Amino acid sequence: RYTGHAIEARVYAEDPYRGFLPSTGPLVKYVEPPSLIHVENDASIRDGSSSASSLCNIRIDSGAIPGAIITTHYDPIISKIISYSPISRQHAIHGLGMALDQYIMRGVQHNIPFVRDVLRNDDFVKGITPTGFIGQHYPEGFHGAVLSDREKSELVVIMREIDRRRKAAHARDGGG
């Protein structure tokens with residue numbers, strides 16, 4: 001018997017801002033997300049669950065290590081990442097997005113910003129994913145995520161807090 005919901009994404013060394021051209025070079029820094037992601041239930045992922053939060057299991061299949069060289073001679077896949085939730089598809093999607101946000105990669109371009117944008121797409125969340133999904137939703141290519149008003153407000157609050165902490169540290173260290 002099947003239980004729960006799983007969703008997979010593939011992380012590639014490619015540049016979604018330049019038509020998904022391969023990105024080559026060394027993986028200067030590479031850190032994968034943790035295997036458990038704590039997902040808070042909120043209005044965007046309401047699914048009838050009575051718990052306020054729960055865990056998504058994260059599995060990563062990868063051969064990448066810091067210093068690995070991405071070349072044009074092989075498939076530029078860096079990893080496959082799978083999120084599993086016992087609660088709902090939306091919960092698994094949210095957990096996958098949170099896990100993708102925790103990758104640290106330097107040295108090559110990657111498709112994580114594009115994958116994150118797809119995971120936020122209403123049609124994708126509803127399961128409306130025809131073979132023409134990318135052409136339909138990105139007819140002019142990918143140019144970055146468009147933030148909601150809530151996300152913009154949250155970003156402003158975060159930036160203010162970062163600024164406040166930097167100023168406090170500067171004052172504490174005798175700067176002036």
Side-chain angles (χ1 to χ4, degrees), residues 7 9-46 51-60 62 64-70 76-83 85 90-122 124-125 137-138 140-176:
I7 186 163
R10 294 177 181 216
V11 177
Y12 279 90
E14 59 188 15
D15 189 347
Y17 301 102
R18 296 180 56 224
F20 297 93
L21 289 172
S23 180
T24 60
L27 268 174
V28 175
K29 185 165 189 169
Y30 179 74
V31 179
E32 295 174 344
S35 60
L36 288 174
I37 298 288
H38 180 76
V39 178
E40 295 289 330
N41 279 340
D42 63 22
S44 66
I45 56 169
R46 290 260 184 249
S51 68
S53 64
S54 64
L55 296 174
C56 276
N57 292 297
I58 303 298
R59 173 181 162 177
I60 298 173
S62 172
I65 59 171
I69 307 295
I70 308 294
I77 191 167
I78 294 172
S79 67
K80 292 189 288 185
I81 179 170
I82 303 102
S83 171
S85 168
Q90 289 78 15
H91 199 262
I93 289 170
H94 195 67
L96 179 60
M98 292 175 68
L100 287 167
D101 287 345
Q102 294 186 46
Y103 266 100
I104 299 173
M105 271 188 270
R106 304 287 184 269
V108 296
Q109 297 298 316
H110 51 78
N111 68 333
I112 289 177
F114 174 74
V115 174
R116 285 293 285 126
D117 200 57
V118 168
L119 293 176
R120 295 175 62 223
N121 181 285
D122 288 337
F124 181 85
V125 172
H137 291 280
Y138 302 93
E140 305 297 320
F142 178 69
H143 301 290
V146 177
L147 299 179
S148 68
D149 289 340
R150 177 182 174 179
E151 290 167 325
K152 289 176 188 175
S153 296
E154 289 172 351
L155 187 58
V156 167
V157 170
I158 291 167
M159 294 307 296
R160 284 184 183 156
E161 181 62 15
I162 289 170
D163 184 56
R164 184 193 68 75
R165 290 183 184 197
R166 283 184 177 163
K167 286 177 180 175
H170 186 68
R172 185 178 55 248
D173 296 337

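Bear in mind that the values here come from a model prediction, so they are computed numbers and not experimental data. Residues take their numbers from the sequence shown, with the count starting at 1.
- For Y30, the side-chain hydrogen bond (donor to acceptor under 3.5 Å, both in side chains) test picks out E32, S62, with sequence neighbours left out.
- Under the side-chain contact (heavy atoms from CB on, under 4.5 Å) criterion, F114 pairs with P16, F20, V118, I134, Y138, F142, sequence neighbours left out.
- Rounded to the nearest 0.5 Å, atoms NE2 (H110) and CD1 (I78) are 7.5 Å apart.
- Summarising the geometry of A13 relative to V108, their closest heavy-atom pair is CB-CG2, 4.2 Å, with the distance given to 0.1 Å.
- Shown here are the side-chain contact (heavy atoms from CB on, under 4.5 Å) partners of P33, two or more places apart in sequence or in another chain: I60, I81, A99, Q102, Y103.
- Sorted by first and then second residue, the salt bridge (charged side-chain N to carboxylate O under 4.0 Å, His left out) pairs with a member in residues 97-112 read D101-R116; sequence neighbours excluded.
- Applying the side-chain hydrogen bond (donor to acceptor under 3.5 Å, both in side chains) rule to R10 yields the partners E8; only residues at least two apart in sequence or on another chain are considered.
- Remark: E161 pairs with R164, R165 by the side-chain hydrogen bond (donor to acceptor under 3.5 Å, both in side chains) rule, at least two apart or across chains.
- Partner E151 forms a side-chain contact (heavy atoms from CB on, under 4.5 Å) with one of L155, D149, L147 and no other, that one being L147.
- Rounded to the nearest 0.5 angstrom, L55 CG and S35 OG are separated by 9.5 Å.
- Note that the OG atom of S85 and the CD1 atom of I58 stand 9.5 Å from one another [nearest 0.5 Å].
- The side-chain contact (heavy atoms from CB on, under 4.5 Å) test applied to I162 returns I158, M159, R166, not counting sequence neighbours.
- The shortest side-chain heavy-atom distance between L27 and P66 does not fall under the 4.5 Å cut-off.
- Panel note: side chain S83, backbone I7; no donor-acceptor pair is recorded below 3.5 Å.
- Taking the side-chain hydrogen bond (donor to acceptor under 3.5 Å, both in side chains) definition, one finds that K167 meets it with D163, sequence neighbours left out.
- The side-chain hydrogen bond (donor to acceptor under 3.5 Å, both in side chains) analysis of residues 15-25, with sequence neighbours excluded, yields no pairs.
- With a 4.5 Å cut-off on side-chain heavy atoms, V11 and N111 count as touching.
- Rounded to the nearest 0.5 angstrom, L36 CG and N57 CG are separated by 5.5 Å.
- Judged as a salt bridge (charged side-chain N to carboxylate O under 4.0 Å, His left out), not a single pair has a partner in residues 21-30 (not counting sequence neighbours).
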